[in-house]
Structure formats: C-alpha cells, structure tokens
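Structure first, then comments.
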Amino acid sequence: MLARQPYTSGPLRHSGEPMTKEFWIGDVLSGKYDSSEVELCGWVHRTRGSKKIRFLVLRDSTGTLQCVIKREIVGDECFESLSNALIESSIRVKGIVKNTDREHGHELVVESGIVIGHVNPENPFPITESAMSEADGGETEFLLDNRHLYLRTGRMTKMLKIRSTVFGAVHSYFRDREFIEYQAPNFVAGAVEGGSTLFEVPYFGKKAYLTQSWQLYAEAAMPALERLYTIAPSFRAEKSRTRRHLTEFWHAEMEIAWGGNVEVMNHGEALVRSIAGTLLEEREGELIELGRDIGLIQNYADSKYPRMRYDEAIEALQQKGVSVEWGQDLDYSKEKVLTQDFDVPHFLTHYPRIAKPFYHRPDPDDPKYVLCHDLLAPEGYGEIIGGGERTWSESEILERIDEEGTPREPYEFYIDVRRYGGVPHGGFGMGIDRVCAWLSGADHIRETIPFPRDSRRVTP
RNA sequence: GCCGACAUAGCUUAGUUGGUGGAGCGGUGGACUGUUAAUCCACAGGUCGCAGGUUCGAGUCCUGCUGUCGGCGCCA
C-alpha cells in the first residue's frame with residue numbers, strides 16, 4: 001500500500017511536471033485495488049449529499065465509481081471545494097478503495113481531492129437526464145446540436161468503443177491475410193457512380209470532387225500489390241434522409257488480383273463474421289448495456305451467409321405479391337421484404353447488366369447479368385457490402401463505357417490498367433458505419449459516428 | 001428531388017371551445033440523509049421559432065418564411 005500523504009487542494013502543477021494517470025476506474029471496479037490507496041482522475045457524473053457527507057459518482061473512460069467524501073476526513077476546505085463541483089467538472093481524488101456490499105460494489109473513501117476544471121453554475125452542463133432519456137433510441141435536435149458534449153455520456157461512449165473495435169477488426173482481418181493497406185486520394189476528377197451525387201470543390205480555379213470510393217485507384221495498384229485494402233471516408237452528395245445514410249461515411253474496401261466474384265464474396269462473408277466475433281470477445285459488456293441480444297450477434301458470427309441470384313430474388317418477391325419487374329434494381333422496400341426470410345446476412349448476386357455501372361464484369365455464361373454481389377444485413381439494416389468482379393479486358397471495358405454513354409477521357413488511367421497486363425480481379429466496399437449500426441442495434445446510423453454529416457447538418 | 005410531422009424556460013414537456021403560460025430535471029439558497037435518477041421547502045429562469053393576418057383579445061385559428069425531425073428515391 002502507498003504511504004498516505006494528505007493531498008490538499010492548491011494551485012495546479014503548471015511547472016511542466018507530467019500529470020500521468022496511473023489508476024483507472026475500470027481496474028478499481030475489477031477489485032484490483034481493494035483496500036489500497038489510489039488517485040483517480042475523472043469527471044463528476046452525479047453528486048448528492050449533505051453538509052457532512054457527499055457522494056460523488058466519478059466517471060472516466062473506463063467506468064463510474066462512487067466516491068464518499070466525509071467532512072471529518074477531508075477537512076472543511078476540501079469538502080466545500082468538492083461539494084461545489086458541478087456535473088462534468090474534472091477532479092482528482094485520492095483515497096482508499098473499499099469493496100462494499102452495496103449495490104454499486106466498490107467505492108472510494110476519499111482522503112483528499114482537488115477540482116481541476118470547474119463548471120460555471122451560470123452555464124451548467126446542458127446534457128441532462130431528461131435530454132438523454134428522450135434520446136435513448138432516438139436523437140433530438142438538441143443532442144445533435146450539442147454532439148461535442150453528448151459524446152461523453154454513457155450511450156455515445158459505448159458506441160464509440162464498439163466502433164473502435166469494428167475498425168480494429170477490419171484491419172486485423174486484412175493484415176492477418178497479408179493484404180497491404182493502400183491510400184487513394186480524396187480529391188478526384190471523376191465519379192465512380194453517377195455524377196449527380198458528387199461533392200464539387202473549388203480547386204485552384206478548376207473543379208475537383210470529393211471521392212465516392214477508393215475503388216478505381218485501388219484497381220490501379222492491384223497489379224502492384226495484388227491484395228489491398230483501405231479504411232477511408234467516402235462522400236456522397238445524396239439528399240437521403242434515412243437511418244442508413246450519411247454524406248460522409250467510412251468505407252472499408254478491398255481489391256484482389258486473380259480472383260472473381262466468389263472469392264471476393266467469401267472475403268466479405270468472412271470479414272463480417274470476424275467483426276461479429278471480435279465484438280463478442282471485446283465488447284460484449286457494451287453490447288449488453290446497449291440492450292443488444294448477444295445471441296443474435298453470436299449467430300452472425302457463427303452462421304454461413306446464404307447466397308441468392310437476382311432472378312431468384314425477383315421470383316421470391318413476385319410470389320409474395322410484390323410488384324417488381326426484371327431489370328429493376330432492388331430498392332430498400334424490396335430488400336426489406338427479402339431480408340425478412342433470413343435471420344443472418346445474405347448475398348444477392350448476378351444483377352442484370354442494365355442495372356449496374358460499367359466496371360461490373362458481364363457474366364461470360366450469360367452476358368445479360370454481371371458478376372456482382374450485395375450483402376444485405378438482417379433486422380432491416382439493409383445493404384452493408386457491394387462488390388464483385390471487375391470488367392478487366394480492354395475491349396470489354398471500352399464496350400461497357402460506351403454502351404453506358406460515359407465519356408472515356410476521365411477514365412483513361414482506369415482503362416490503362418487493362419491495356420497493360422489486365423488480369424481477373426475484384427473487390428468490395430463495406431459501409432463500416434452501417435455495420436456498426438447493425439451490430440450495435442442502433443436506431444440510426446448517426447449514433448455510430450461522432451460527428452454525423454447529412455444533407456442538412458454539418459455542425460458541430 | 002418528393003411526401004409527412006413538429007417548433008412553449010438551459011433540457012423534457014403540459015397548456016381544454018381563443019380569455020393574465022404550469023410541472024419535472026438542471027441552477028441558486030436552505031433543511032436533511034450511507035445517499036445512489038436521493039428526498040423536502042423556497043427562489044431565479046419565457047419575445048410561446050420569425051413575419052404578417054383574423055379577433056375586443058392569439059401559445060391556441062389562418063397565410064408565408066425559417067429551422068429541425070421522420071419517410072421515399074439513390075446507395076455503403
């Protein structure tokens with residue numbers, strides 16, 4: 001046990017002495033420091049008490065802990081100082097960890113403490129219980145306006161931890177399989193999809209656009225790296241107002257040489273299952289606290305994902321009485337009907353050529369179709385992966401560009417990839433925020449990203 | 001681009017056929033307590049989104065505007 005040195009309030013250490021943090025609330029809660037002295041740094045979550053005793057719930061990034069402050073122990077000056085600390089003031093307290101029989105388990109019997117960052121009573125912390133109880137499941141305008149403060153509340157903190165684990169799982173999946181991480185530019189000259197959804201930015205007297213996808217530039221590096229991936233933001237100027245869309249979203253993309261639709265699809269399935277599995281290992285507690293059914297996630301990690309051709313999907317829809325014609329792309333309302341038959345993600349493959357852009361390779365067995373796939377998440381979360389085999393010969397890519405009426409000029413570099421030793425290759429893009437929303441059970445994709453961007457909001 | 005809702009204190013909201021806008025949380029002061037979304041008393045805090053209109057009188061009815069939210073299409 002450390003020597004008990006009174007730690008009185010006083011001027012902060014401004015001399016450059018490091019303020020390293022040695023103890024974490026999560027460790028205290030695990031029992032690691034029972035009956036020991038610790039110094040905790042954190043923020044006031046809640047506080048209550050009388051003139052003699054004060055109960056202060058302290059929060060740090062790893063949990064919350066009740067600190068008991070008694071006037072007779074800490075003295076008048078320290079007691080008053082800590083008692084006046086409003087919600088979200090930052091403090092340091094030193095004391096003895098006690099493992100109690102009470103509902104919260106561990107607590108800290110404070111011996112000394114100091115307020116580090118004050119909160120002005122004229123401007124108290126605006127995120128109140130009432131604001132959050134309304135938000136539990138939905139997000140009010142107020143919470144979106146105060147996103148920078150909402151981040152430090154329990155629900156957002158859990159979402160951010162889950163998000164971090166998902167990002168980590170993506171990196172691990174690809175790096176474990178010797179993929180090379182590769183970065184494409186965010187300023188681009190041309191579109192991947194139709195031009196209407198591009199963000200235009202002034203670029204030294206010219207026009208540039210924010211990228212919608214890493215794909216075209218990844219294909220350029222495919223002959224160099226053969227297996228490559230990225231995690232990067234993509235931008236789409238869609239005025240979409242749904243729980244699945246952001247204008248700035250995080251895109252995990254991969255590209256492989258010497259592979260086709262099936263190999264790419266196998267990677268997509270393995271990646272998503274690996275993310276679900278990693279979440280169970282690392283974030284089960286957070287998922288449960290968010291009210292997620294762990295059995296569902298277990299099923300997503302363990303099950304094979306069914307695969308269905310577009311034609312079968314059309315047939316299934318028609319049998320259900322949904323009016324849909326062959327050749328139509330499947331919009332969300334139809335995806336949702338299809339998804340109801342599955343309790344795990346499922347692939348849709350072989351869309352009609354006329355429904356997909358030029359870079360999708362026509363199926364040599366039946367050129368009416370292209371070798372592509374979408375992965376649809378269950379529970380109404382919709383498409384999380386889109387990918388497939390690329391058109392890889394020069395003659396075929398020119399034919400497809402021309403039949404689509406797309407100008408060749410911006411894609412010359414892309415066509416060059418085919419002119420110099422083209423090989424079969426393919427890849428996919430996964431919407432990471434959508435995966436986070438689905439696996440965490442979020443009601444809106446906005447809940448999974450710290451500062452969401454949509455067609456009506458770029459602040460804070 | 002299309003469709004639908006909503007806008008009252010810092011937050012969450014009540015507000016009846018149009019007749020002087022209330023409460024809970026948060027804040028301040030006090031009481032009290034091994035409390036735990038503590039409790040109790042008191043106080044402060046409102047251009048009822050903005051601009052017009054109807055009316056003796058508008059938070060309430062009408063019109064326009066602005067903002068936000070939800071959904072569709074599009075997609076990841």
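Naming convention: chains lettered A, B, ... in sequence-line order (proteins, then strands); numbering from 1 in each chain. Note that these values count all heavy atoms, side chains included, but never hydrogens, waters or copies made by symmetry.
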In whole angstroms, the gap separating P of B/G70 from NZ of A/Lys239 amounts to 17 Å
What's the CG-P distance between A/Asn146 and B/C11, to the nearest Å? 9 Å
What's the closest nucleotide to the A/Arg244 side chain, out of B/C69, B/G10, B/C75? B/C75
Where do A/Ser303 and A/Glu269 come nearest, in terms of heavy atoms and distance? O-OE2, 4.2 Å
Among residues at least two apart in sequence or on other chains, which ones pass side-chain hydrogen bond (donor to acceptor under 3.5 Å, both in side chains) with A/Thr406? A/Glu404
Could you measure between the two P atoms, the one in B/G18 and the one in B/U55, and give it in whole Å? 16 Å
Please produce a list of atom pairs where a protein N or O lies less than 3.5 Å from an N or O of nucleotides 44-47 of chain B.
none

For the P atoms, the ones on B/G73 and on B/U16, what distance do you get once it is rounded to whole angstrom? 38 Å
Can you tell me, in whole Å, how much space there is between the P of B/G46 and that of B/U36? 33 Å
Under 4.0 Å, counting only non-hydrogen atoms across every strand here, what does A/Gln66 touch: a base, just sugar-phosphate, or nothing? base
With RNA chain B as reference, determine whether A/Ala355 or A/Val109 sits nearer its 5' end, using the nearest nucleotide of each. A/Val109
Would you mind classifying the nucleic acid contact of A/Lys356 as base, sugar-phosphate or nothing, using non-hydrogen atoms under 4.0 angstrom? nothing
Give the intermediate values and the outcome of salt bridge (Lys or Arg N to Asp or Glu O under 4.0 Å) for residues A/Lys158 and A/Glu286. CA-CA 6 Å; A/Lys158 290 177 193 96; A/Glu286 281 81 4; over 6 Å; no
Short N/O separations, protein against nucleotides 23-32 of chain B, under 3.5 angstrom:
residue : atom : partner  : partner atom : Å
B/G24   : N2   : A/Ser130 : OG           : 3.4
B/G27   : O2'  : A/Pro121 : O            : 3.3

In residues 385-392 of chain A, what residues come within less than 4.0 Å of RNA chain B, judged by heavy atoms? A/Ile385, A/Gly386
Among the candidates B/C75, B/U68, B/U35, find the nucleotide nearest to the side-chain atoms of A/Arg457. B/U68
Looking only at atom P, what distance separates B/C40 and B/G52, rounded to whole Å? 45 Å
Distance criterion of 3.5 Å, no angle test: do you see the side chain of A/Thr197 paired donor-to-acceptor with the base of B/C74? no
Pair A/Phe174 + A/His267: ring centers closer than 6.0 Å: no
Rounded to whole angstrom, note down the P distance from B/C2 over to B/G64. 16 Å
Enumerate the residue pairs fulfilling salt bridge (Lys or Arg N to Asp or Glu O under 4.0 Å) with a member in residues 242-252 of chain A, sequence neighbours excluded, ordered by first and then second residue. none
State which of B/C72, B/A76, B/G70 makes the closest approach to the side chain of A/Tyr332. B/C72
Give A/Glu107 one of three labels, base, sugar-phosphate or nothing, depending on what nucleic acid heavy atoms sit under 4.0 Å from its own. base
Does B/G73 have OP1 or OP2 sitting under 4.0 Å from an N or O in the side chain of A/Arg236? no
Among pairs that include at least one residue of residues 42-72 of chain A, which meet ring pair (Phe, Tyr, Trp, His ring centres under 6.0 Å), considering only residues two or more places apart or in two chains? none
Can you pull out every salt bridge (Lys or Arg N to Asp or Glu O under 4.0 Å) where at least one residue sits in residues 450-460 of chain A? Sequence neighbours excluded, please. A/Asp145-A/Arg457, A/Arg446-A/Asp454
Ring-ring centroid check A/Tyr310 A/His350, cutoff 6.0 Å: no
For A/Arg456 and B/U68, is the shortest distance between a side-chain N/O and OP1 or OP2 below 4.0 Å? no
Mind checking A/Val57 for me? I need base, sugar-phosphate or nothing, with any heavy atom below 4.0 Å counting as a touch. nothing
What residue pairs, at least two apart or across chains, pass salt bridge (Lys or Arg N to Asp or Glu O under 4.0 Å) with a residue in residues 161-176 of chain A? A/Arg163-A/Asp433, A/Arg175-A/Glu181
Of the listed B/G70, B/C72, B/A76, the closest approach to the A/Arg243 side chain comes from B/G70
Rounded distance (Å) that lies between atom C1' of B/G73 and atom CD of A/Gln328: 12 Å
Please pick, from B/C69, B/A76, B/G34, the nucleotide with the shortest atom-to-atom distance to any side-chain atom of A/Leu144. B/C69
side-chain N/O A/Arg48 vs B/U35 OP1/OP2, d < 4.0 Å: no
Under the ring-ring contact (aromatic ring centres under 6.0 Å, His included) test, residues paired with A/His425 that sit two or more places apart: none
Is any side-chain heavy atom of A/Tyr209 closer than 4.5 Å to a side-chain heavy atom of A/Val188? yes
Is the shortest heavy-atom distance from the side chain of A/Arg54 to the side chain of A/Phe79 under 4.5 Å? yes
Should the pair A/Glu403-A/Arg400 be classified as a salt bridge under the 4.0 Å nitrogen-to-oxygen rule? yes
Looking at every strand, decide which applies to A/Lys334 at a 4.0 Å heavy-atom threshold: base, sugar-phosphate, or nothing. nothing
Between the base of B/G73 and the side chain of A/Ser333, is there a donor-acceptor distance below 3.5 Å? no
Please identify each residue that fulfils side-chain hydrogen bond (donor to acceptor under 3.5 Å, both in side chains) with A/Lys320, with sequence neighbours left out. A/Asp341
Does the side-chain ring of A/Phe55 lie flat on the base of B/G34, meaning centres under 5.5 Å and planes less than 30 degrees apart? no
Within the structure shown, what part of the strands sits under 4.0 Å from A/Asp374 by heavy-atom distance: base, sugar-phosphate, or nothing? nothing
Does A/Glu379 have any side-chain hydrogen bond (donor to acceptor under 3.5 Å, both in side chains) partners at least two apart in sequence or in another chain, and if so, which? A/Arg292, A/Tyr300
Taking donor-acceptor contacts at under 3.5 Å, does the side chain of A/Arg434 reach the base of B/C75? yes
Under the 3.5 angstrom rule, does the side chain of A/Arg92 hit a backbone N or O of A/Val115 as a donor-acceptor pair? no
Is there a side-chain polar atom (N or O) of A/His444 under 4.0 Å from OP1 or OP2 of B/G70? yes
Closest-nucleotide ordering on RNA chain B, the 5'-leading residue of A/Lys70 and A/Lys336: A/Lys70
Does any N or O in the side chain of A/Ser440 come within less than 3.5 Å of the main-chain N or O of A/Met159, such that one atom is a donor and the other an acceptor? no
Check the distance between B/A37's P and A/Arg59's CZ and give it to me in whole angstrom. 18 Å
For RNA chain B, which ranges pair as stems of 3 or more consecutive Watson-Crick or G-U pairs, with both donor-acceptor distances under 3.5 Å? B:1-7 with B:66-72, B:10-13 with B:22-25, B:27-31 with B:39-43, B:49-53 with B:61-65
